[in-house]
Amino acid sequence: MIWTVVVLIIFIFLIWKALEDEENPLDSLPGPERKPIIGAALRFVNLNTREMFIKLREYHAMYGNRFVVKIFKRRVLHLSNEKDAEVVLSHSKNIKKSKGYTFLSPWLGSGLLLSTGFKWHSRRKILTPTFHFNILKSFLEIIKDKSCDLVKRLEEYRGEEVDLMPVISDFTLYTICETAMGTQLDSDKSAETKEYKMAILQIASLLLNRLTKVWLHNDLIFDQLTVGRKFQKCLKQVHSFAHNVIVERKRQRASGRDYSVVAEDVFGRKKRLAMLDLLLEAEEKNEIDFEGIMDEVNTFMFEGHDTTAVALTFSLMLVAEDDQVQDRIYKELQGIFGDSDRRPTISDVAEMKYLEAVVKETLRLYPSVPFIAREITEDFMLDDLNIKKGSEVVVHIYDLHRRKELFADPEKFQPDRFLNGELKHPYSFVPFSAGPRNCIGQRFAMLEMKCVLSEICRSFRLEPRTKGWRPTLVAEMLLRPNEPIHVKFIKRKQS
Ligand code: HEM
């Protein structure tokens with residue numbers, strides 16, 4: 001009897017401790033009603049990602065640029081103004097990603113996207129030269145080839161509507177795979193390569209599925225279910241493929257063939273510099289180990305394909321809609337290339353100022369990464385508000401980019417705003433984030449997007465399926481169209 005009472009007292013004490021809540025300065029901020037113990041939990045029960053996206057936009061309209069959602073003891077501060085974004089994103093210590101990213105860790109390990117502290121600092125230092133201008137120049141060769149392949153694929157539709165996302169995702173996946181690992185997913189027909197492509201695409205969709213279903217969040221439950229087992233199977237395939245590519249490349253380097261320059265393989269095919277070669281060089285200098293290389297290769301594969309695929313899809317949708325914009329892009333390209341059908345050089349791409357403004361305006365309206373979430377590891381001040389260690393902060397890039405104080409007529413697609421003068425604030429436009437944890441691949445991404453869009457616009461006139469139509473949006477880790485986007489590609493001149 002006495003033991004039953006003791007166990008009961010301990011149980012009640014533990015529950016009380018778990019629910020005990022200290023005062024927090026964040027409670028002074030507006031936000032959905034905080035009921036005792038549960039906070040605003042009931043408002044989020046059973047919401048899918050689409051509904052969640054709408055709800056957060058509603059809260060933004062109701063409570064403004066700073067609001068707090070409290071669920072049990074967890075407080076999440078939501079921000080969407082440029083000054084707050086600057087304080088959070090430029091902080092040198094608060095660089096830890098929030099809990100939502102943990103589902104990625106079985107795939108990406110402690111790669112650059114997920115790591116923190118000393119590991120992140122040292123990896124960032126090693127990887128920064130991978131995106132140096134001269135290296136990007138050699139990656140442009142791969143991007144050009146893949147862009148030509150895409151143009152050929154679009155020609156096969158003969159002006160019929162194209163469902164953009166799957167076609168563009170193939171392009172970005174093939175491009176990043178060859179630049180990151182030196183492997184040609186499109187022309188290598190081995191079963192292992194095909195399996196890899198399928199597994200990468202499946203992992204991404206299984207992860208999104210998990211993110212949107214609360215009951216799949218627990219590892220023990222997830223691992224027992226069919227989805228969890230499927231995820232493990234894909235993960236095994238992806239890891240084993242990356243492992244084999246790395247081992248093979250290492251073997252070739254050891255046998256004296258240096259892949260840090262453009263060389264030919266035994267079949268006479270051109271082998272080109274890959275990010276992997278630079279990582280292997282770092283390994284030879286003991287700066288990174290094998291596991292680290294695996295994590296970084298997987299991270300580039302993840303970060304480098306879906307982000308650019310959605311941005312390109314939205315760009316093509318907007319360009320197809322707007323005849324004037326399309327004419328100006330074409331005119332700019334004619335000015336650079338005339339009637340020649342030569343492929344672009346790096347300085348041609350630099351000259352495409354209007355096209356760059358089009359890409360930026362697309363990323364303003366449809367930032368591929370719509371929000372950035374941080375777990376606060378060190379107290380900091382937001383004006384006179386003390387944000388305590390343990391809180392979570394979300395910077396909503398989507399809402400920030402639509403502030404009318406920063407961008408006149410914010411819903412309108414107007415590339416000119418990126419040609420006419422300075423931005424109103426350095427943190428008013430941050431599609432690649434900013435500060436120490438900004439996107440390491442942003443110059444690569446801009447190069448890839450400008451190169452492929454220029455090739456497409458030189459070859460085709462674009463037409464929308466329905467003028468004025470816009471897809472509804474979902475924001476998981478990336479901002480995606482909820483419905484397929486269709487565009488027609490009409491050949492400009494017969495070859
Ligand atoms: C339109 C294309 C892209 C957009 C909009 C984009 C956006 C971003 C954003 C917003 C972040 C910060 C995420 C956060 O703090 O949670 C980020 C990080 C990162 N991105 Fe990108 N990205 C793009 C393309 C790429 C490409 C092509 C690569 C690689 C080739 C890449 C590699 C990375 C990596 C490794 C990080 C983590 C950096 C770190 O934490 O130090 N991204 N990206």
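Every number for a ligand or one of its atoms is a count from 1 in the order of the listing.
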(request) Would you mind checking which non-hydrogen protein atom is closest to atom 29 (C) of ligand 1, with the distance to 0.1 Å? (result) Phe300 CD2, 3.8 Å
(request) Show which atoms of ligand 1 fall inside a sub-4.0 Å distance from at least one heavy-atom site of Tyr101. (result) 14 (C), 16 (O)
(request) Could you tell me the residue and atom name of the protein heavy atom closest to atom 36 (C) of ligand 1, and the distance to it rounded to 0.1 Å? (result) Leu113 CD1, 4.0 Å
(request) Indicate, as side chain, backbone, both or neither, the part of Met449 found under 4.0 angstrom from ligand 1 when only non-hydrogen atoms are considered. (result) side chain
(message) Check this for me, if you would: do Lys197 and Asp170 make a salt bridge, where the nitrogen-to-carboxylate-oxygen distance has to be below 4.0 angstrom?
(response) yes
(message) Nearest 0.5 Å, please: how far is CZ in Arg50 from CG in Leu473?
(response) 6.5 Å
(message) Please give me the minimum heavy-atom distance between Leu112 and Thr299, naming the atom from each residue.
(response) N-OG1, 4.1 Å
(message) For Lys450, is there an ion pair with Glu356 - N to carboxylate O distance below 4.0 angstrom?
(response) yes
(request) Flag the pair Lys389 and Glu378 as a salt bridge only when some basic side-chain nitrogen lies within less than 4.0 angstrom of an acidic carboxylate oxygen. (result) no
(request) Within a distance under 4.0 Å of any heavy atom of Ser368, pick out the atoms of ligand 1 and give their elements. (result) 1 (C), 5 (C)
(message) A cation-pi test, strictly: NZ or CZ of Arg328 under 6.0 Å from the centre of the six-membered ring of Tyr330 and no more than 45 degrees from its axis. Yes or no?
(response) no
(message) Distance under 4.0 Å to a non-hydrogen atom of Trp120: what atoms of ligand 1 satisfy this?
(response) 39 (C), 40 (O), 41 (O)
(message) Quick check: Thr299 and ligand 1, any N/O pair under 3.5 Å apart?
(response) no
(request) Enumerate the protein N/O/S atoms at a distance below 2.8 Å from atom 21 (Fe) of ligand 1, ignoring waters. (result) Cys439 SG
(request) Among all protein heavy atoms, pick the one closest to atom 14 (C) of ligand 1 and tell me residue, atom and distance. (result) Lys97 NZ, 3.5 Å
(request) If the plane angle is over 60° it's perpendicular, under 30° parallel, otherwise tilted; pick one for His396 and His78. (result) parallel
(message) Any carboxylate oxygen within less than 4.0 angstrom of a Lys/Arg side-chain nitrogen, looking at Glu141 and Lys144?
(response) yes
(message) Quick check with a 6.0 Å cut-off and a 45 degree axis cone: is Arg364 positioned over the face of Phe407's six-membered ring?
(response) yes
(request) Considering only non-hydrogen protein atoms, determine which one is nearest to atom 30 (C) of ligand 1 and report residue, atom name and distance to 0.1 Å. (result) Ile176 CD1, 3.7 Å
(request) Would you mind checking which non-hydrogen protein atom is closest to atom 10 (C) of ligand 1, with the distance to 0.1 Å? (result) Pro431 O, 3.4 Å
(request) Would you indicate which of Arg374, Arg124, Arg123 comes nearest to atom 15 (O) of ligand 1 when only heavy atoms are counted? (result) Arg374
(message) Taking Asp409 first and then Arg417, would you say they form a salt bridge - that is, a charged N and a carboxylate O separated by under 4.0 Å?
(response) no
(message) To check your reading of the model: name the closest protein heavy atom to atom 40 (O) of ligand 1, its residue, and the distance in Å.
(response) Arg437 NE, 2.9 Å
(request) Please identify each residue that fulfils salt bridge (Lys or Arg N to Asp or Glu O under 4.0 Å) with Glu287, with sequence neighbours left out. (result) none
(message) Please tell me whether Phe231 and Phe222 form a close aromatic pair, meaning their ring centres lie under 6.0 Å apart.
(response) yes
(request) Just jot down the ligand 1 atoms closer than 4.0 angstrom to any heavy atom of Asn438, in number order. (result) 38 (C)
(message) What I want to know is whether Thr308 and ligand 1 share at least one N or O pair that is separated by under 3.5 angstrom.
(response) no
(request) Specify the closest pair of heavy atoms between Leu316 and Val487, including all atoms of both residues, with the distance to one decimal. (result) O-CG2, 4.1 Å
